[in-house]
Amino acid sequence: MNTSSVHPFDLVDVDGLLSDEEREIQRTVRALGERELRPHVARWFEEGAIPARELARTLGRLGVLGMHLEGYGCAGTSAVAYGLACLELEAVDSGLRSLVSVQGSLAMYAIRTYGSEEQKQRWLPGMAAGESIGCFGLTEPDAGSDPGAMRTNARRDGSDWILNGTKMWITNASVADVAVVWARTEDGVRGFVVPAGTPGFSAPEIRRKLSLRASVTGELVLEDVRLPADAVLPQARGLSGPLGCLNEARFGIVFGAIGAARDCLEAAISYASERTVFGRSLASYQLTQQKLADMAVELDKGMLLALRLGRLKDEGRLRPEQVSVGKLNNVREAIAIARECRTVLGANGITLEYPALRHANNLESVLTYEGTSEVHSLVIGKALTGEAAFR
């Protein structure tokens with residue numbers, strides 16, 4: 001990059017909006033990503049496999065697993081600090097941020113918020129350290145955007161529970177030590193803590209993916225899984241439980257998507273500055289600068305939005321529709337930036353030597369998981385009009 005150039009975030013002085021602690025956390029996560037993750041991520045993506053347990057322990061030592069939760073070995077950081085960690089992890093690869101999001105914002109958050117003291121003591125310290133991996137079973141083959149249509153059920157058998165059903169598209173499934181599974185009961189939807197290895201429980205891996213290849217994805221199959229009475233999450237009843245967890249994960253995506261977009265734009269600016277076309281640098285052409293300027297403006301707007309939502313969350317004032325605004329806008333703009341950066345990179349952009357198309361492929365999944373763009377549009381529409389248009 002030209003020594004007289006500025007980073008895209010410097011255009012609006014993003015760094016000046018952060019506290020010293022937030023900047024230090026961001027630098028620490030970025031340094032680990034550059035040192036221990038980025039050198040391997042293209043190979044992991046190409047092979048469609050990651051050393052999940054090793055990664056979990058590395059991320060646990062760093063302190064990012066459940067970092068925004070209090071107690072039980074968790075760091076108890078601010079929401080903004082957690083968001084910045086998600087940004088730096090997704091700047092390497094969306095799959096790595098997904099591992100952290102599912103571990104901390106779904107599985108650990110569910111146990112921390114809705115679990116018994118015994119459940120918290122048993123699972124959270126090991127999960128914070130990365131010694132145990134968790135997953136979150138809500139989505140089903142025929143129930144994605146409409147979780148109320150779930151078919152997985154739990155029935156009483158004496159003091160025990162018997163679970164039957166199938167969950168689909170579950171991050172960390174086949175490597176998880178524990179699954180938080182949501183099922184329909186006579187009393188409405190309830191959450192259950194299911195240890196891996198419980199008879200009748202299996203987690204086959206989903207392969208042949210074209211997106212999130214540096215991530216473990218699988219099914220959860222429950223065939224007459226018998227659980228004791230204390231396996232149920234006592235503080236969660238109805239869909240408000242799992243939906244509350246999803247809002248936690250969506251918040252991380254608001255920041256994470258910006259990380260993927262930033263990585264693409266940094267690569268495109270660097271490449272354009274070094275690439276010679278017709279005797280001049282690619283960066284010196286007006287058409288290239290128009291692309292870079294447009295992307296930088298959208299990147300900065302998304303970053304400012306993420307920071308605003310993070311401050312609201314730290315103040316306890318963040319509403320679900322505001323999370324939807326962030327998720328809808330930032331993922332939509334991130335995928336547009338990734339695609340445009342690929343055009344700046346030309347044919348080189350389709351290789352794993354550069355990150356743009358890998359990020360674009362990953363963002364195709366991010367666009368639809370934790371709520372599709374259509375669902376988030378309807379959440380915003382309901383907030384604006386007072387009319388629910390989901391059915």
Expected output: side-chain Glu248 to main-chain Tyr109 donor-acceptor under 3.5 Å: no

Flag, side chain of Asn153 to backbone of Arg184, donor-acceptor distance under 3.5 Å: no

Between NZ on residue Lys209 and OG on residue Ser215, distance to nearest 0.5 Å: 5.0 Å

Donor-acceptor pair between Glu266 and His7 side chains, under 3.5 angstrom: yes

Side-chain ion pair, Glu22 and Arg311, N-O less than 4.0 Å: yes

Expected output: side-chain Asn362 to main-chain Ser211 donor-acceptor under 3.5 Å: no

salt_bridge(Asp230, Arg122) N-O dist < 4.0 Å: no

Exam field: side chain Arg262 to backbone Ala91, donor-acceptor pair closer than 3.5 Å: no

Exercise: do Glu374 and Ser377 side chains pair donor with acceptor under 3.5 Å: no

Heavy-atom side-chain contact between Val29 and Leu89 under 4.5 Å: yes

Pair Tyr369, Ser98: side-chain N/O donor-acceptor within cut-off below 3.5 Å: yes

Short side-chain to backbone donor-acceptor contact, Arg23 and Asp15, under 3.5 Å: yes

Ala236 backbone acceptor or donor facing Arg190 side chain under 3.5 Å: yes

Which atom of Val216 lies closest to which atom of Ser174, heavy atoms considered: CG1-OG, 3.2 Å

From Ile258 atom CD1 to Glu88 atom CD, the distance as rounded to the nearest 0.5 Å: 12.0 Å

Asp177/Arg53 ion pair, N-O < 4.0 Å: yes

Side-chain donor/acceptor of Ser270 to backbone N/O of Ala267, under 3.5 Å: no

Check: Gln103 side chain, Gly134 main-chain N or O, donor-acceptor pair, under 3.5 Å: yes

Side chains of Leu106 and Leu246 in contact at under 4.5 Å (non-hydrogen atoms): yes

Any donor-acceptor N/O pair, Thr58 side chain to Glu54 backbone, under 3.5 Å: yes

salt_bridge(Glu46, Arg43) N-O dist < 4.0 Å: no

Spatial distance of atom CG (Asp314) from atom CG (Leu309) [nearest 0.5 Å]: 11.5 Å

Residue pair Leu18 / Leu307, side-chain heavy-atom distance below 4.5 Å: yes

CD (Glu21) with more than 12 external heavy atoms under 6.0 Å: no

Pairwise side-chain contact, Phe201 with Pro195, heavy-atom cut-off 4.5 Å (strictly under): no

Test item: Ile335 and Arg339 side chains (from C-beta on) under 4.5 Å apart, heavy atoms: yes

CD (Glu353) with more than 12 external heavy atoms under 6.0 Å: no

Any Leu243 side-chain heavy atom under 4.5 Å of Asn247 side chain: no

Residues, nucleotides or ligands: over 12 heavy atoms within 6.0 Å of Glu186 CD: no

Gap between atom CG of Leu299 and atom CG of Leu304 - 0.5 Å precision: 9.5 Å

Nearest atoms (heavy-atom pairs only) where Ala56 meets Leu65: O-CD1, 3.5 Å

Atom CG of Leu210 with >12 non-hydrogen neighbours under 6.0 angstrom: no

Non-hydrogen atoms of Val92 and Leu37 that approach each other most closely: CG1-CB, 4.0 Å

Val12 vs Leu17 side-chain heavy atoms within contact, under 4.5 Å: no

CD-CE distance between Gln290 and Met295, expressed to the nearest 0.5 angstrom: 10.5 Å

Shortest non-hydrogen contact from Cys135 toward Ala176: SG-CB, 3.8 Å

Nearest-0.5 Å distance that lies between atom CG in Leu212 and atom CG in Asn361: 9.5 Å

Glu140 and Thr152 side chains, donor-acceptor separation under 3.5 Å: yes

Main-chain N/O of Trp182 paired with Lys167 side-chain donor or acceptor, under 3.5 Å: yes

ILVMFWY cluster, Trp123 and Val102 together (side-chain gap under 4.5 Å): yes

Note, Glu131 side chain near Arg57 side chain (heavy atom, < 4.5 Å): yes

